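Below: the structure, in structure tokens.
Predicted model, so just to flag it, every value in this text is computed and none were measured. Along the sequence shown, residues are numbered consecutively beginning with 1. Order of listing sets the numbers, starting from 1, for every ligand and every atom in it.
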Amino acid sequence: MTRIIPHFVGGSLITPKDGRFGDVYDPSTGAVQARVPLASEGEVRRVIDDAAVAQPGWAATNPQKRARVLMRFLDLVHRDMDDLARLLSSEHGKTFDDAKGDIQRGLEVIEFAVGAPHLLKGEFSTEAGTGIDVYSMRQPLGVVAGITPFNFPAMIPLWKAGPAIAAGNAFVLKPSERDPSVPVRLAELFLEAGLPAGVFNVVHGDKEAVDTLLTDDRIKAVGFVGSTPIAEYIYTTATAHGKRAQCFGGAKNHMIVMPDADLEQVADALIGSGYGSAGERCMAISVAVPVGEETADALAAKLTERVAQLKVGPSLADGVDYGPLVSRAAVERVEDYIQQGVDAGATLLADGRGFAVDGHEEGFYLGPTLFDQVTTDMSIYREEIFGPVLVIARAHDYEEALAMASDHEFGNGVAIFTRDGDAARDFTARVNVGMVGVNVPIPVPIAYFTFGGWKKSGFGDLNQHGADAFRFYTKTKTVTSRWPAHGVREGASFVIPTMH
Ligand code: NAD
């Protein structure tokens with residue numbers, strides 16, 4: 001009997017007996033290791049029912065007590081870190097250490113959300129008019145939803161849930177159906193930490209479940225991360241149904257390599273950020289833009305040498321640089337892109353197709369792939385590949401490199417490597433991209449800043465984590481208050497009050 005991964009609803013594990021199911025693979029072996037239920041509309045509505053019942057009591061719990069639940073949750077996740085990381089690796093395919101990083105980056109947002117009592121404070125003005133005080137308060141929205149991608153099955157659910165829960169909302173998570181186990185474990189740990197049943201729920205599913213969340217009136221906000229076409233669909237559908245939405249999509253992150261950059265550092269940075277997690281990161285560098293032919297030739301030679309040394313293998317094996325991709329379909333999609341690059345005339349310096357690991361021949365592996373002489377009209381430049389494929393797109397000068405990153409339809413992350421402060425400063429000011437690294441290849445902002453891409457990488461007006469998350473998950477109420485002395489009568493006024 002194949003194991004079934006349960007939903008987590010109203011504080012309990014729920015294993016449906018019938019309905020639709022999907023397969024969950026172990027990408028390292030290619031075998032089906034479990035089945036995940038795909039919730040029907042009715043099942044999702046019942047989850048929202050439970051969340052709606054739990055939310056008012058949680059909102060009425062003072063913010064300091066809510067924060068203490070998050071503090072206990074941090075301890076519990078640290079207690080179970082290795083088990084969680086192994087579970088995550090076994091469904092996603094990233095290495096054990098990288099899985100721990102996935103969890104840790106999520107915990108950092110929980111640490112930030114522990115500051116909720118401070119972050120939820122309103123503003124106050126005394127004597128805004130004679131005897132008039134004005135103040136504002138931040139109130140939770142009610143029941144909110146998160147719809148998350150496969151590539152960070154711990155981090156992104158926690159980025160959404162931490163601030164939402166700390167602010168007094170109830171949360172319904174619809175995680176990726178490809179690696180759904182870790183979110184369920186996180187829900188169990190929240191319960192163990194003292195979160196009331198029904199405040200954090202996990203419902204598995206596909207489009208049917210998502211569409212129910214997008215159209216049910218009781219869901220007040222939707223936080224999404226995934227591919228751009230789905231991000232756009234979620235944003236337009238959720239907002240058309242009167243919800244707040246913040247939806248983050250795909251990426252094509254460039255790294256500009258100036259002629260004065262330290263090429264050893266650049267090569268290390270490109271190898272780690274291009275091939276780490278098999279390139280399945282929204283902040284992976286997928287385009288290297290060396291400035292000038294000399295820089296490009298030297299960089300291409302260094303990368304070719306390094307790529308040949310990369311070790312690819314099962315996610316839990318020792319000494320592996322990156323593991324398998326998430327699915328057979330992902331391998332086929334990336335291999336198709338490699339062929340498109342060859343057909344378009346790019347120079348293939350390393351070809352990862354047909355890569356197999358001894359004893360794991362059915363695993364979803366792909367060797368590291370490197371292209372040179374890639375031009376901006378090629379699909380391997382324009383589209384997100386989301387695999388271990390790095391392309392070198394040469395620029396004649398700095399202005400051309402800047403324009404390439406700025407004009408690309410995606411605008412998630414970008415980096416510049418240089419020893420020249422003037423160039424770096426100009427670049428950070430002018431580049432049309434949401435997150436910028438200066439000699440930092442994966443500029444994922446720390447938890448108390450906000451994370452969000454521009455252009456086709458992000459839809460909505462508030463970013464994830466940092467102060468924006470608390471703005472997103474709360475509504476502001478503003479109170480104008482006066483306590484006139486007893487018996488004072490001013491009569492009715494028909495003119496709009498001003499502070500004239
Ligand atoms: P995906 O868009 O396929 O799936 C994301 C979520 O949407 C999943 O929960 C999935 O079940 C749901 N979904 C899929 N198809 C749907 C449909 N037709 N209708 C409704 N819901 C649907 O993305 P993925 O493959 O899981 O994740 C990889 C993508 O996520 C990449 O494009 C990557 O760049 C992006 N990503 C972006 C960020 C960011 O912050 N910008 C972070 C991580 C990943």
Exercise for the section: May I ask you to decide if the ring planes of Y322 and Y275 are parallel, tilted or perpendicular, using 30° and 60° as cut-offs? Expected result: parallel
Exercise for the section: Report the residue from T369, V342, I385, V389 that forms a side chain to side chain contact (heavy atoms under 4.5 Å, CB included) with Y337. Expected result: I385
Problem - Closest approach of any protein heavy atom to atom 39 (C) of ligand 1, naming residue and atom - result: C282 SG, 3.5 Å
Practice task
Give the residue, atom name and distance (to 0.1 Å) of the protein heavy atom nearest atom 9 (O) of ligand 1.
Solution key: T148 O, 2.8 Å
Practice task
Please report which non-hydrogen protein atom sits nearest to atom 21 (N) of ligand 1, along with the residue it belongs to and the distance in Å to one decimal place.
Solution key: V210 CG2, 3.5 Å
Handout entry: ligand 1 N/O within reach of G249 N/O, cut-off under 3.5 Å
Key = yes
Problem - T375 side chain to D377 side chain, donor-acceptor N/O pair below 3.5 angstrom - result: yes
Practice task
Classify the contact between D211 and ligand 1 as side chain, backbone, both or neither, using a heavy-atom distance cut-off of under 4.0 Å.
Solution key: neither
Handout entry: With sequence neighbours excluded, residues passing side chain to side chain contact (heavy atoms under 4.5 Å, CB included) with D321
Key = L310, K311
Practice task
Run the ring-centre check on Y448 versus F112 and record whether the distance is less than 6.0 Å.
Solution key: no
Fill in the blank from the handout: shortest atom 31 (C) of ligand 1-to-protein heavy-atom contact is with E384 OE1, 3.5 Å
Exercise for the section: Please indicate whether any nitrogen or oxygen in F150 is less than 3.5 Å from any nitrogen or oxygen in ligand 1. Expected result: yes
Problem - Counterpart residues, side-chain hydrogen bond (donor to acceptor under 3.5 Å, both in side chains), relative to E188 (two or more places apart) - result: R185
Practice task
Report the nearest protein non-hydrogen atom to atom 2 (O) of ligand 1: residue, atom name, distance rounded to 0.1 Å.
Solution key: S227 OG, 2.6 Å
